[in-house]
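The structure appears below as structure tokens.
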Amino acid sequence: MSKYLLLSVFYDNKTGKAALKLYSLEKENIVILEDTTGHKPYLLTDFSPQDLIEKYPEVIKHKGFDHLEIIEKYDLLRDKKVLMTKVIAKDPLSIGGVRGAIRDILRGHVWEAKIKYHHCYTYDTGLIPGMIYELDNRGLKPIKVELPKDVIEKLSEIYSEDLFNEILKWVRLFQAPIPRIRRIAVDIEVYSPEPDRVPNPLEAAHPIIAISLYSSDGLREVFLLKRNSIGEKPDHVNNVRLKYFDSETEMIKETLKILDEYPVVLTFNGDHFDFPYLKNRAIKLGIETEKIPVEWSSNMEEARLRRGVHIDLFKFFNNRSMQIYAFSNKYNEGKTLDEISLALLGEGKMEHEKTIPEMDYRELAMYTYKDAELTYKLTAFDDDLVMKLIVLLMRISKLSMDDLTRHNISAWIKSLMYYEHRRNNYLIPNPEDILRFKGHTVTKAIIKGKKYLGAIVIDPLPGIFFKVFVVDFASLYPSVIKRWNLSYETVRCPHEECKDNLVPGTPHWVCRKRKGLSSKIVGFLRDLRVYVYKPLAKKEKNEILKHQYNVVQSALKVFINASYGVFGAETFPLYCPPVAECTTALGRYSIAKTLEKAYEVNIPVLYGDTDSLFLWNAREKDINTLTKWVSENLNIDLEIDKIYKWVAFSGRKKNYMGVFENGDVGVKGLVGKKRNTPEFIKKLLYDVIEILKSAGSMDELESAIGKVKAITQESYSLLKKGKFTLDELAFRVVLTKPLEAYVKTTPQHVKAARQLAKLGKQIGVGDVISFVKIKGGDGVKAIQLARIDEVDQEKYVEHIRTTLEQVFDALGISFDEIMGIRLIESFINQ
DNA sequence: ACCTGTGGCGAAACAC
DNA sequence: GTGTTTCGCCAC
């Protein structure tokens, strides 16, 4: 019997039917299976069928209704059963018309109409994207998945019977094998007379001169278009076959033919460049549309393949959740293939000085080949980690591969939540109904423009402290959502008898009668990560299983981390301000109660932020008393997270450094660490830290401070003598908006960017602008335009000051004192 | 067109 | 001059 991985559920434009893209594990190709269930998309309305048929027959006739059914749904907002009319459409395209007719002409209330076709299909058929199925003449059936005994035991300890059976469904998703997927990466190069401009894919005016292909099954090829007088034509470059074409048409045809044979095609920015360019160029060259297996969607956002699945890694890695995952919290980095590859693979694009049109065949081939290679390797490193992650994320979110890789976390969680609603026969609420029932927030945010009050940050005690234990709540907000039963239907529920179950610090109450849906799901995912997959990943000896467990726990982390934020995001369809507000309120309550208790057992608390407390010189016995009290009274896990040999607090919040027992250094929030700080200041700070980190006692710190003074003075004198290069002096700031969008103020990096734009340089969102501070004029100059002698040294001294003061304030050193000595010295020297 | 949240720091620009 | 706002980056 053949096994298949479900990659995608889609709507076939020609047949008007649903179809499935299945990846055959044996043949490693794609099988497209037409829907045989007769499934049709539908929407729900509270209009009765009689009203629809009798009063408005002409609307029914003309708007694509197929037939009507009465069904029972459960309305979570009102906590009662409701009868709905299920309006079944003739085909997916008519859903919009049906919805408009009911809402606008009949003034009826519509539910579940904006859903995508494959969402309801996935639920109705029980098929989950990313899962493996066997195909026989009766259709698809899920493979049997072995569940490890120890996992089952662990879960049966934690969960009562009904919840236990439910969580096992999740375990099946995570235990099912994750197959390798045969795939190919492609990259094209276009001959463009303007090397600074990206060629416009809509016009596709210039010829494609090179195409590189790199596949998981060993295909390594570069196609090159013959051009006049650009020198010799090597057969190979580093074992890569080069193939020369007289005709661009033939080259494109052959490329399309190869791509069509692969189940998954990888690009970097293929949605917006490679595929639309290929398609439009092909059309321009007279290739028939049927022979071009690329469908560029009407919103001009997605390039999908007729047969396989196209993954645009640019989009996938620009997803904030993936950035946090890949770059561990530095979500402003990694926009380009070069940056992402450097971070994940440790190798970047081929460096080149010549422009594409200037390159000879060899250089061009090597350049484009490297891009395809990196694109492929982004999915292949660490034993296909990213491909496996994608498959697991599909299983959790119930999204097709092409949807998952193109959408952000709110769409993933939306899909997951909708699936759970359907599975339980709950009515999916309309956003305006949630807001109408639940109202808005009542607390006031500290930051202007924010919607509600967030976390507590304890004012740190300035100074150096030895032996500091950091305790924290492991994933505080998800734990709060789980323990306090937070969900859109349970917060401010309709029951009078729950109204005294108040959330501290708010007038909101929480339901005692029903288990909240999001509370349940977030709780499952959290428990599976904390109690099952993190421990399994740690102890498993079998490398293959260990890898899978690690992928599972990281996939879970992505969802858990975002589970609170989406409820406070207006764009999330289950947006519920009181849920978000209750989550942070209970977070504040948890840390405040723990703080109180710490004082009660005489543990000095130095600092704390959101979910952590820094405890000074505490006996482990006392810390155990504290964690035990928290677990018994708050019902949340408090753990020892870090142990510092010493920590230095400057007195500012979110701003400290410390040395761990093993000698590692942790630096948080210091300006000298920030990406935009000039290199020479960063280096100075890291030198200072390097000196301090070896100190194990107060005495050693005293002598370290002497060295710190010396290198500070040295850096100062290098600055004064103009020894630093422009590069070392440059501030590097990201442009977060288009240049013309800066209307309220003109920040310095925008000034520098406008200087460059004036000279004709293309400047766009996401570009890093490098500039130096100068005397006179705008006060800044883009690095490309500046001279070393115009640098405003005084400004840089101020930057050294603020950077080092954040450390000096903790050490009790005065910056002026150091500089004072320096100034007198230079005075004497003169 | 894009979209998970709030709190905090520092520099410069802006408002008075 | 002083206080406030905007912006980018970071902590959690």
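So you know, we letter chains A, B, ... as the sequences are listed, proteins then strands, and number each from 1.
A sub-4.0 Å separation between OP1 or OP2 of C:dC10 and a side-chain N or O of A:Y656 is absent. For A:T802 and B:dA11, the shortest distance from a side-chain N or O to OP1 or OP2 is below 4.0 Å. Phosphate proximity of C:dG8 to A:Q748: absent, as no side-chain N or O sits under 4.0 Å from OP1 or OP2. An OP1 or OP2 oxygen of C:dG8 is reached within less than 4.0 angstrom by a side-chain nitrogen or oxygen of A:Y742. In this model, the phosphate group of C:dG8 is approached by a side-chain N or O of A:T736 to a distance below 4.0 Å at OP1 or OP2. Here A:K448 does not reach the OP1 or OP2 of B:dG7: none of its side-chain N or O atoms lies under 4.0 Å away. Note on A:K450: a side-chain N or O is less than 4.0 Å away from OP1 or OP2 of B:dT6. Residue A:K674 places no side-chain N or O under 4.0 Å from the OP1 or OP2 atom of C:dC9. Remark: A:R652 is not in phosphate contact with B:dC9, judged by side-chain N or O atoms under 4.0 Å from OP1 or OP2. Put simply, A:K653 has no side-chain N or O that comes within less than 4.0 Å of OP1 or OP2 on C:dC10. Proximity of A:K673 to the phosphate of C:dA11: a side-chain N or O atom is located under 4.0 Å from OP1 or OP2. Of the side-chain N and O atoms in A:H749, one or more sit less than 4.0 angstrom from OP1 or OP2 of C:dG8. Considering only side-chain N and O atoms, A:K737 lies under 4.0 angstrom from the phosphate OP1 or OP2 of C:dC7. The side chain of A:R732 contributes no N or O atom lying less than 4.0 Å from OP1 or OP2 of C:dG8.
You'll find that the side chain of A:A445 is closest to B:dG7, out of B:dG7, C:dC9, C:dC7. If you check C:dC9, B:dT4, C:dC12 against the side chain of A:N676, the one that comes closest is C:dC9. If you check B:dG5, B:dT4, B:dC9 against the side chain of A:Y564, the one that comes closest is B:dG5. Of the candidates B:dA13, B:dG10, B:dT4, the closest approach to any side-chain atom of A:V671 belongs to B:dG10. Closest to the side chain of A:K654, out of B:dG10, B:dC2, B:dG7, is B:dG7. The listed nucleotides are B:dG10, C:dG8, C:dA11; the one nearest the side chain of A:K668 is C:dA11. In this structure, the nucleotide among C:dC7, C:dC12, B:dC2 sitting nearest to the side chain of A:E301 is B:dC2.
Using a 4.5 Å heavy-atom threshold, the side chains of A:M657 and A:V688 count as separate. Between A:E639 and A:V471, every side-chain heavy-atom pair lies at or beyond the 4.5 Å cut-off.
Rounded to an integer number of Å, the gap from NE2 of A:H799 to P of B:dC9 is 18 Å. Atom pair A:Y477:OH and C:dA11:C1' shows a separation of 12 Å (rounding to whole Å applied). In this entry the distance linking NZ of A:K642 with C1' of C:dA11 reads 10 Å, nearest Å. Going from atom CG of A:L804 over to atom C1' of B:dG10 covers 15 Å, rounded to whole Å. The separation between A:L670 atom CG and B:dG8 atom C1' is 13 Å, rounded to whole Å. The distance between atom CD of A:E798 and atom P of B:dC9, rounded to the nearest whole Å, is 19 Å. Summarising the geometry, the separation between CZ on A:R675 and C1' on C:dA11 is reported as 16 Å, rounded to the nearest angstrom.
Residue contacts for A:Y452: at a heavy-atom cut-off of 4.0 Å it reaches the sugar-phosphate backbone alone, with no base atom in range. As judged by a 4.0 angstrom heavy-atom cut-off over every strand, A:E570 is placed among residues making no nucleic acid contact. A:K444 comes within 4.0 angstrom of no nucleic acid atom, judged by non-hydrogen atoms across all strands. Using a 4.0 Å heavy-atom criterion, one finds that A:I447 contacts the bases of the nucleic acid, with or without backbone contacts as well. Within 4.0 Å (heavy atoms only), A:I413 reaches no atom of the nucleic acid at all. A:K795 comes within contact range of the sugar-phosphate backbone alone, with a heavy-atom separation under 4.0 Å but no base atom that close. Using a 4.0 Å heavy-atom cutoff across all strands shown, A:A569 reaches sugar-phosphate atoms only and no base atom. At the heavy-atom level, A:T746 lies under 4.0 Å from the strands shown only through sugar-phosphate atoms.
Under the 3.5 Å distance criterion, with hydrogens and angles disregarded, no donor-acceptor pair is assigned to the side chains of A:R754 and A:H749.
Partner of A:V807 under the side chain to side chain contact (heavy atoms under 4.5 Å, CB included) criterion, out of A:L685, A:N655, A:V667: A:L685 alone.
In terms of position along DNA chain B, the nucleotide closest to A:V566 lies nearer the 5' end than the nucleotide closest to the other residue of the pair A:G454 and A:V566.
Considering every non-hydrogen atom in both A:I560 and A:L525, the closest pair reads CD1-O, 3.6 Å.
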field: Trace of the side-chain hydrogen bond (donor to acceptor under 3.5 Å, both in side chains) decision for A:H310 with A:R304
entry: CA-CA 6 Å; A:H310 166 217; A:R304 297 199 181 200; over 6 Å; no

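Aromatic ring centres of A:F572 and A:F567: separated by under 6.0 Å.
Annotation: A:K683, atom NZ; neighbour count of heavy atoms from other residues, nucleotides and ligands within 6.0 Å does not exceed 12.
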